[in-house]
2 protein chains.
Amino acid sequence: MKRRNTPTKEAVMDVLAKSGKAMSQDAIEQHIDITINRATIYRVLNRFCEDGILHKVVAEDGKQYFALCKKCDGHKKPVHHFHFRCTTCDTIECLPIEVHFSLSEAYIVEHVNCVLTGTCKTCA
Amino acid sequence: MKRRNTPTKEAVMDVLAKSGKAMSQDAIEQHIDITINRATIYRVLNRFCEDGILHKVVAEDGKQYFALCKKCDGHKKPVHHFHFRCTTCDTIECLPIEVHFSLSEAYIVEHVNCVLTGTCKTCA
DNA sequence: CAATTTATTGCGATTGTATTGCAATAGTAT
DNA sequence: ATACTATTGCAATACAATCGCAATAAATTG
């Protein structure tokens, strides 16, 4: 299925790029200047995830947060990293800390979801 | 607030102890022989968490899973560990893998939530 | 053992996140 | 400009989890 360029997609990408953090649907909606339907935002976000442009994190609050996939440290592919959710400023940042674990080959790992919760350095 | 012993609490503990895994409210309800209201199960689970008897994990599916806190390897307190959610048998097991990360002291970490998702060794 | 206190429970209603069906709209290529 | 179909808006829906309140029952007291 071919993707099309739409104002919605641009607006969502814009907000995420500017914030540099992982954001929830409602946070994104609040930071967008135009009006976009909730369902549409979810659909755009999920499509970006399918295309490997965004990655999704589920926090302890059960909500989904979306962030740009950056390829850091010269890696070709984005690496699983920790996330930090600050309950004070209510944002999630991607930490530059890789997730390491050694698990039996008998397991097939498809997703990694690691979130630390607390107070970030700015709010502490 | 003093706690009382009730059939409900025993039944819930029983199921969790027997399974040895992290279970969701509906899974627990299904494995209990008596009928217990949904809200009650959640209240019992949350009370156990407050008392440090259970720990809660939020998986990628946005659901809460509860498991017994074991003090392994002679540690006095339970240690943050990885969890594995198998999408085939739909269970979450506590992996004997500790979560390690070095984060600036400027952050205050209150909770750690790490879940790997995929197919477990039994289902693979 | 009966009376009292209050933690616990059941029920229904409610909150909040996320998804879906369907018709209308609008990119994109010809 | 036209056709094709991805995308969107709207309303309805699904689902997890919580809350208020009255009823129940565990534990303590006399």
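The CE-P distance, from A:Met23 to C:dA18, rounds to 14 Å in whole Å. Taking atom CG of B:Asp26 as the reference point, atom P of D:dT18 lies 13 Å away to the nearest angstrom. Rounded to whole Å, atom P of C:dG27 lies 10 Å from atom CD of A:Glu10. Nucleotide C:dT25 holds its P atom 18 Å from the CD1 atom of A:Ile36, rounded to whole Å. The CD atom of B:Glu29 sits 11 Å away from the P atom of C:dC11 (whole-angstrom rounding). For the pair A:Ile34 CD1 and C:dA26 P, the interatomic distance rounds to 13 Å; values are reported in whole Å. Distance NZ (A:Lys63) to C1' (C:dG16): 9 Å, rounded to an integer number of Å.
With A:Gln25 as the fixed residue, the side chain to side chain contact (heavy atoms under 4.5 Å, CB included) test singles out one of A:Val44, A:Ile41, A:Val12: A:Ile41.
In the displayed structure, A:His31 atom NE2 is contacted under 6.0 Å by at most 12 heavy atoms of other residues, nucleotides or ligands.
Centroid-to-centroid, the aromatic rings of A:Tyr107 and B:Phe84 come within less than 6.0 Å. A ring-centre distance under 6.0 Å is not found for A:His111 and A:His55.
In terms of phosphate contacts, A:Lys9 brings a side-chain nitrogen or oxygen within less than 4.0 Å of OP1 or OP2 of D:dT7. The side chain of B:Thr6 contributes no N or O atom lying less than 4.0 Å from OP1 or OP2 of D:dA25. Of the side-chain N and O atoms in A:Lys2, none sit less than 4.0 angstrom from OP1 or OP2 of D:dA6. Phosphate contact (OP1/OP2 of C:dT9, side-chain N/O of B:Thr8, threshold under 4.0 Å): present. Taking 4.0 angstrom as the limit, B:Thr40 places a side-chain polar atom (N or O) nearer than this to OP1 or OP2 of C:dG10. OP1 or OP2 of D:dT18 has not a single side-chain nitrogen or oxygen of B:Tyr42 nearer than 4.0 Å.
Mapping B:Arg38 and B:Arg3 onto DNA chain C via the closest heavy atom, the residue that lands nearer the 5' end is B:Arg3. Heavy-atom nearest nucleotides on DNA chain D were determined for B:Asn5 and for B:Lys56, and the one closer to the 5' end corresponds to B:Lys56.
Nearest heavy-atom pair across B:Lys63 and B:Tyr65 is O-CD1, 3.4 Å. Between B:Cys86 and B:Thr119, the closest heavy-atom pair is SG-CA, 3.9 Å. Taking all atoms of both residues into account, the shortest heavy-atom contact from A:Ser102 to B:Ile97 is O-CD1, 3.5 Å. In terms of heavy atoms, B:Gly52 sits closest to B:Cys69 at O-SG, 3.8 Å.
Across all strands shown, B:Gln64 has heavy atoms under 4.0 Å from sugar-phosphate atoms exclusively, and none from any base.
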Atom pairs, protein N/O to nucleotides 20-23 of chain C N/O, distance under 3.5 Å:
{"unit_1": "C:dG21", "atom_1": "O6", "unit_2": "A:Arg43", "atom_2": "NH1", "d": "3.4"}

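A heavy atom lying under 4.0 Å from DNA chain D marks the following residues of residues 44-53 of chain A, by number: A:Val44, A:Arg47.
Both B:Val99 and A:Val99 belong to a single network of hydrophobic side chains, linked directly or stepwise wherever heavy atoms of I, L, V, M, F, W or Y lie under 4.5 Å apart.
With sequence neighbours left out, B:Ser19 forms a side chain to side chain contact (heavy atoms under 4.5 Å, CB included) with B:Lys21, B:Met23.
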